[in-house]
Amino acid sequence: MTEQLINRRKTLKYLGLLTATAAGREFLAAWLPSKSGAPAAEDAAMANHAGMHHGASPVPEDTAPYVPQFFKPEEFETVGILAEMIIPADDMPGATDAQVDRYIDFVVFSAAEYKPELQKEWTSGLTQLNELAGKKFGRPFREISAANREHLLLEMSLPERDVKASHPGFEFYRLVKEITVEGFYTSRIGLVQVLEYKGLDYLAEFPGCTHPAHKI
């Protein structure tokens, strides 16, 4: 469901929330791709500048179960389902592989001081989502079938494809999509494995222009 990706100008608006606190910067130091072999202290310092980590490094091993900082367990499960629906795994990794649900949770948790309305938007949005699922399918969103989830999310996203259409859940759909896209494409998996971002690797020798017409 990523046919229409979010405007680049909007894609880093949530990332900035994480740079405002020490906990957020620590999260970013582990989240953003860092230059291979860079000291941990250097990584943490670079996280003060959102989006400025460069170079490829493997996804860190994380054997400890993640404990949501903001969402309740059932809400966090729903967040993960939604993120994977926005960027599903196919021949490339998806949102679940990139642990985008953790990114979303930590962003919303970090919004308490600087953007508290974001927390309200998520809690009310998840409540609305369950109400829509309950009205249409008789169960909360996370408990309905994958086909029914897809059907409901397609209905919610209809105004994205039809400017004359409207849906009460469209604003929440947009919110989910924005932060999912941001989280995925700033993650190590999204940047390095999917976009094949190489970072600021330097060239030992600049090859120059090889066009025949420009040879002296």
4.5 Å side-chain heavy-atom contact, Gln128 and Phe172: yes
Sub-4.5 Å side-chain heavy-atom contact between His167 and Leu132: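 Yes, close enough: below the 4.5 Å cut-off.
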Measure the spacing between [atom1] of [X] and [atom2] of [Y] and express it to the nearest 0.5 Å.
X: Thr96; Y: Phe184; atom1: OG1; atom2: CZ; answer: 10.0 Å
X: Leu175; Y: Lys177; atom1: CG; atom2: NZ; answer: 13.0 Å
X: Arg149; Y: Ile144; atom1: CZ; atom2: CD1; answer: 6.5 Å
X: Tyr173; Y: Leu82; atom1: OH; atom2: CG; answer: 11.0 Å
X: Ser157; Y: Leu152; atom1: OG; atom2: CG; answer: 9.5 Å
X: Leu118; Y: Ser110; atom1: CG; atom2: OG; answer: 10.0 Å

Least distance between heavy atoms, [X] atom then [Y] atom:
X: Ala83; Y: Ile104; value: CB-CD1, 4.4 Å
X: Thr180; Y: Val176; value: OG1-O, 2.7 Å
X: Ala98; Y: Ser187; value: CB-OG, 3.5 Å
X: Pro140; Y: Ala133; value: C-CB, 4.0 Å

Side chain of [X], backbone of [Y]: donor and acceptor closer than 3.5 Å?
X: Asp105; Y: Phe70; result: yes
X: Arg161; Y: Leu154; result: yes
X: Ser145; Y: Asn148; result: yes
X: Asp101; Y: Val79; result: no
X: Gln69; Y: Phe106; result: no

Ring centres under 6.0 angstrom apart (Phe71, Trp122):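 Yes: the rings meet the under 6.0 Å criterion.
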Note: Glu131-Lys135 ion pair, threshold 4.0 Å (strictly below):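 Result for this pair is no, no salt bridge flagged.
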Criterion side-chain contact (heavy atoms from CB on, under 4.5 Å) on Met156 and Leu129, from CA distance to verdict: CA-CA 10 Å; Met156 292 169 61; Leu129 181 68; 3.7 Å; yes
Residues forming a ring pair (Phe, Tyr, Trp, His ring centres under 6.0 Å) with Phe76, sequence neighbours excluded: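 Expected list: Tyr66.
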Taking salt bridge (Lys or Arg N to Asp or Glu O under 4.0 Å) as the test, write out the residues that go with [X], two or more places apart.
X: Arg142; answer: Glu77
X: Glu155; answer: Lys136
X: Glu143; answer: Arg139

Single-linkage hydrophobic cluster Leu158~Met85, side-chain heavy atoms < 4.5 angstrom: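 No; tracing contacts between hydrophobic side chains, which count when under 4.5 Å, never links both residues.
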Partner set under side-chain hydrogen bond (donor to acceptor under 3.5 Å, both in side chains) for Ser166, not counting sequence neighbours: none
By side-chain contact (heavy atoms from CB on, under 4.5 Å) - contacts of Ala89 (at least two apart): Glu84, Asp97
Working for side-chain contact (heavy atoms from CB on, under 4.5 Å), residues Ile179 and Tyr103: CA-CA 9 Å; Ile179 196 169; Tyr103 177 84; 4.1 Å; yes
